[in-house]
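For reference, the structure is listed below as structure tokens.
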Amino acid sequence: MPIDADTEKFIKVIALKNSVEHDGKAQVDAVIAKFIGSKPELRSQIKALIPEIKAMVHEINAISVADQKLLLEELAPGETAAKKRTEQQLQLPQLEGAVHGKVVTRFPPEPNGYPHIGHAKAAIIDEEYAHLYAGRLILRFDDTNPLKEKLEYYDAIAEGLEWLGVKPDIVKNTSDDIDLLHNYGRKLIELDGAYVCTCSQNTIHDLRGKGLPCECRQDPAIALERVEKMFGDLYDQNEAIVRFKGDMADQNTAMRDPALFRIIEGEHPKLGNKVRVWPTYDFAAPIEDSIDGVTHALRTKEYELRNALYFAILERLKLRKPHLIEFSRLEFEGIPVSKRKIRPLIDNGTIKSWDDPRLPTLAAFRKRGFVPEAIRKFVLSLGFTLAETKPPFEALEAFNRKIIDPISPRLFFVKNPAEVRVQGAREMEVMLKNHPTDATLGTRKVKAGDLLYISGDDAANLKVGTEIRLIELFNIKITGVDLRNGALSIAAKVGDDEIRQSMPKVQWIAKNDIVEYKVLIPKELYIGEEYNTNSLEIARGFAESFVSRLKPDARVQFVRFGFCRIDDDQTAIMTHR
Ligand code: ATP
Ligand code: MG
């Protein structure tokens with residue numbers, strides 16, 4: 001029976017979960033039982049599905065537990081971490097006024113760039129709260145500026161969240177509600193809560209500074225006359241804006257008649273040229289939150305001064321008010337998170353793509369070999385502080401290392417290779433373990449003889465008489481160190497076989513086992529306020545030929561070098577040390 005892609009994926013996930021819980025062997029009966037339990041509506045078709053299920057279980061049982069886990073993480077991100085969820089949720093404080101089953105949160109990114117780790121923080125917290133209270137999460141593309149937004153970015157955000165394992169219950173765009181937003185704008189003017197201002201930008205700026213009203217504000221009759229012209233699209237760009245009637249003398253400058261609508265000419269990714277009058281974030285956010293049924297709107301602390309405006313708009317329109325809650329923005333030292341810092345580097349061509357491994361975008365983290373589960377754990381470990389602390393990047397790396405260490409095969413890579421001639425070494429075949437503790441990751445056979453390579457850095461430390469251990473091979477004693485054509489060349493003889501504490505233990509590659517290989521190493525993107533021109537190091541050298549058997553996306557730990565993600569058959573990207 002032909003089986004649709006969704007059902008196939010669903011069964012695969014069940015089988016993978018079953019197998020990782022049972023030492024890598026899924027059981028057909030258990031998978032069938034679980035399937036019927038979760039999809040009773042398909043019970044009648046189960047007979048026809050059984051051969052498919054059997055084949056899938058067979059296929060899954062044939063691969064290592066480590067690969068099963070990876071595949072599971074790929075198909076159902078977060079599933080392997082699902083058990084730990086409840087533990088993590090406890091770190092989030094209770095939400096004021098939250099009622100079980102009724103909480104609605106929302107994540108409102110503007111589709112004006114690729115999602116980054118800061119968005120991950122916001123989206124994960126929104127989702128965790130929705131889950132904690134058995135509520136719902138809305139993903140709302142906050143798309144009210146046609147000059148900045150692109151379809152590519154909506155897709156990138158959706159993909160980034162999917163990779164993270166954040167599953168919104170509802171997906172919508174602010175622009176879907178443009179007519180409604182216009183109507184609320186008109187209504188607010190009719191209620192004398194807003195007016196159309198035709199002053200120049202300079203005048204507006206000046207009077208705002210001085211805390212003085214302009215003429216447009218004085219006469220409600222003028223505002224009413226201009227309403228039709230504004231929403232009837234009869235003004236030119238920059239000729240008029242709609243402003244909230246706040247208090248021009250308010251201590252909180254956000255209340256000094258901020259803009260609610262402005263005219264922007266440009267092709268909108270969803271609405272084309274149909275609309276010219278666009279709401280600002282200040283207007284769209286409260287209305288959308290209110291009409292979408294959001295109960296708890298979480299946003300970063302820089303919006304704090306705008307909270308009064310958020311509530312004032314809803315108050316005048318007699319709309320329901322959600323709870324507003326602030327949390328701190330996530331930033332790292334040396335890796336600015338904001339799109340404001342990333343975009344110029346992309347626009348001027350310094351950085352070619354949004355998934356460049358130096359960037360803090362989700363696409364880049366993925367490309368470097370981070371697992372979404374680590375990002376979630378890291379974000380939740382930060383808790384819910386308002387303090388603008390910059391956590392060390394190493395904290396995120398530590399979460400990731402803990403997850404990938406047990407599933408990454410160990411291989412050798414030697415950077416800037418130095419030749420080692422070992423006098424008296426017999427040709428021999430050694431069996432190397434791919435992982436020190438997990439035998440399911442297998443072994444590899446390497447033929448080693450009297451010509452080997454070690455890394456240039458290790459070679460540079462050698463002197464005649466030094467004894468070193470070639471890991472899992474034998475000891476050698478250095479008899480000569482030469483510089484030939486700019487590269488070190490070492491002569492040695494085979495030593496004894498005792499492994500002593502004091503000996504340097506170095507990785508090596510056998511002469512006939514070489515793949516020319518490079519590793520991209522992302523470094524800090526900025527030093528202070530300056531772009532770091534050395535932010536991408538390329539380490540070149542030799543890897544063992546076994547590396548060719550790893551497919552793109554596979555993980556590896558190059559011994560004494562670092563964890564990497566395989567990018568192509570000659571390139572890996574360093575995840576972290
Ligand atoms: P950027 O400065 O990168 O453009 P933004 O705040 O303009 O960020 P939006 O797309 O408008 O980006 O943000 C969507 C949501 O993500 C908002 O609720 C915002 O508060 C949150 N967010 C953005 N950056 C961070 C960050 N660094 N840390 C935590 N949350 C963030
Ligand atoms: Mg923004």
Side-chain angles (χ1 to χ4, degrees), residues 92 105-130 137-145 147-150 152-161 164 166 168 171-175 269 278-286 288-289 292 294 296-307 310 322-347 354 359-365 375-376 378-391 393 395-396 525-526:
L92 298 174
T105 60
R106 90 289 185 265
F107 172 60
E110 182 179 3
N112 64 350
Y114 276 57
H116 52 58
I117 184 92
H119 293 119
K121 174 176 176 181
I124 286 169
I125 290 180
D126 288 327
E127 189 196 41
E128 290 285 336
Y129 269 128
L137 167 68
I138 300 172
L139 165 60
R140 184 175 75 225
F141 290 102
D142 200 17
D143 54 349
T144 57
N145 185 347
L147 299 179
K148 291 195 179 161
E149 293 140 14
K150 281 193 200 160
E152 179 191 353
Y153 303 141
Y154 293 75
D155 294 345
I157 292 168
E159 268 168 42
L161 292 184
L164 269 185
V166 169
V171 181
K172 64 168 291 192
N173 309 310
T174 300
S175 65
W278 288 100
T280 58
Y281 172 83
D282 281 335
F283 188 70
E288 287 285 288
D289 287 349
D292 288 346
V294 173
H296 295 79
L298 287 75
R299 55 185 190 177
T300 38
K301 220 179 77 177
E302 76 271 17
Y303 293 110
E304 216 169 1
L305 287 178
R306 318 196 84 78
N307 288 1
Y310 182 101
H323 293 273
L324 268 186
I325 298 139
E326 286 98 38
F327 59 89
S328 65
R329 269 183 102 80
L330 174 60
E331 294 283 340
F332 293 112
E333 205 64 59
I335 312 172
V337 167
S338 171
K339 281 172 281 192
R340 278 182 291 277
K341 282 282 188 113
I342 303 174
R343 177 176 289 289
L345 296 175
I346 301 230
D347 286 347
W354 287 92
L359 296 180
T361 57
L362 298 180
F365 278 113
I375 294 179
R376 188 179 287 263
F378 166 73
V379 161
L380 293 172
S381 77
L382 300 173
F384 204 87
T385 55
L386 284 177
E388 298 284 320
T389 48
K390 291 186 178 176
F393 194 72
L396 172 57
L525 191 57
Y526 274 84

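Count residues from 1 along the sequence. Just follow the structure's listing: the first ligand is 1, and inside any ligand the first atom is 1.
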### Summary
Pro109 heavy atoms within 4.0 Å reach ligand 1 at atoms 10 (O), 14 (C)

### Message
Less than 4.0 Å is my threshold; does some heavy atom of Tyr281 fall inside it relative to ligand 1?
### Response
no

### Query
Does the N or O separation between Phe327 and ligand 1 drop below 3.5 Å for any pair?
no

### Message
Within the 4.0 Å heavy-atom shell around Val337, which atoms of ligand 1 are there?
### Response
27 (N)

### Query
Where the side chain of Asp143 meets the backbone of Ser175, is there a donor-acceptor pair that is under 3.5 Å apart?
yes

### Task
Would you please classify the geometry between the Phe393 ring and the Phe332 ring as parallel, tilted or perpendicular, with 30° and 60° separating the classes?
perpendicular

### Task
From atom 15 (C) of ligand 1, work out which of Phe332, Tyr153, Phe107 has a heavy atom at the shortest distance.
Phe107

### Message
Using a 4.0 Å cutoff against the non-hydrogen atoms of Leu330, which atoms of ligand 1 qualify?
### Response
26 (C), 27 (N), 28 (N), 29 (C)

### Query
So is there a nitrogen or oxygen of Glu331 less than 3.5 Å from a nitrogen or oxygen in ligand 1?
no

### Message
Minimum distance, heavy atoms only, to atom 5 (P) of ligand 1: which one of Lys301, Arg329, Arg106, Lys121 is it?
### Response
Arg329

### Task
Any atoms of ligand 1 less than 4.0 Å from a non-hydrogen atom of Arg340? List them with their elements.
2 (O)

### Query
Looking only at distance, does Glu302 have an N or O less than 3.5 Å from an N or O of ligand 1?
no

### Query
Between Thr300 and ligand 1, does any nitrogen or oxygen pair lie at a separation below 3.5 Å?
yes

### Query
Among side-chain atoms of Ser328 and Lys121, is any donor-acceptor pair under 3.5 angstrom?
yes

### Whether over 12 other heavy atoms sit under 6.0 Å from Lys172 NZ
yes

### Query
Would Arg140 and Asp289 count as a side-chain contact (heavy atoms from CB on, under 4.5 Å) if you check the C-alpha gap in whole Å, the side-chain angles of each, and the deciding distance to 0.1 Å?
CA-CA 10 Å; Arg140 184 175 75 225; Asp289 287 349; 2.8 Å; yes

### Task
Run the numbers for me: atoms of ligand 1, each under 4.0 Å from some heavy atom of Ala122, listed by number.
16 (O), 21 (C), 30 (N)

### Task
List every atom of ligand 1 that sits less than 4.0 Å from any heavy atom of His119, numbering the atoms from 1 in the order shown and giving each element.
9 (P), 10 (O), 12 (O), 13 (O), 14 (C), 16 (O), 23 (C)

### Query
Are more than 12 heavy atoms from other residues, nucleotides or ligands located less than 6.0 Å from atom NZ of Lys341?
yes

### Query
Excluding sequence neighbours, so at least two apart, what forms side-chain hydrogen bond (donor to acceptor under 3.5 Å, both in side chains) with Tyr526?
none

### Message
Before we go on, tell me: are the rings of Tyr303 and Tyr310 under 6.0 Å apart, centre to centre?
### Response
no

### Query
Partners of Phe107 by ring pair (Phe, Tyr, Trp, His ring centres under 6.0 Å), sequence neighbours excluded?
none

### Query
So which of Pro108, Ala123, Gly118 gets nearest to atom 31 (C) of ligand 1, if we judge by its closest heavy atom?
Gly118

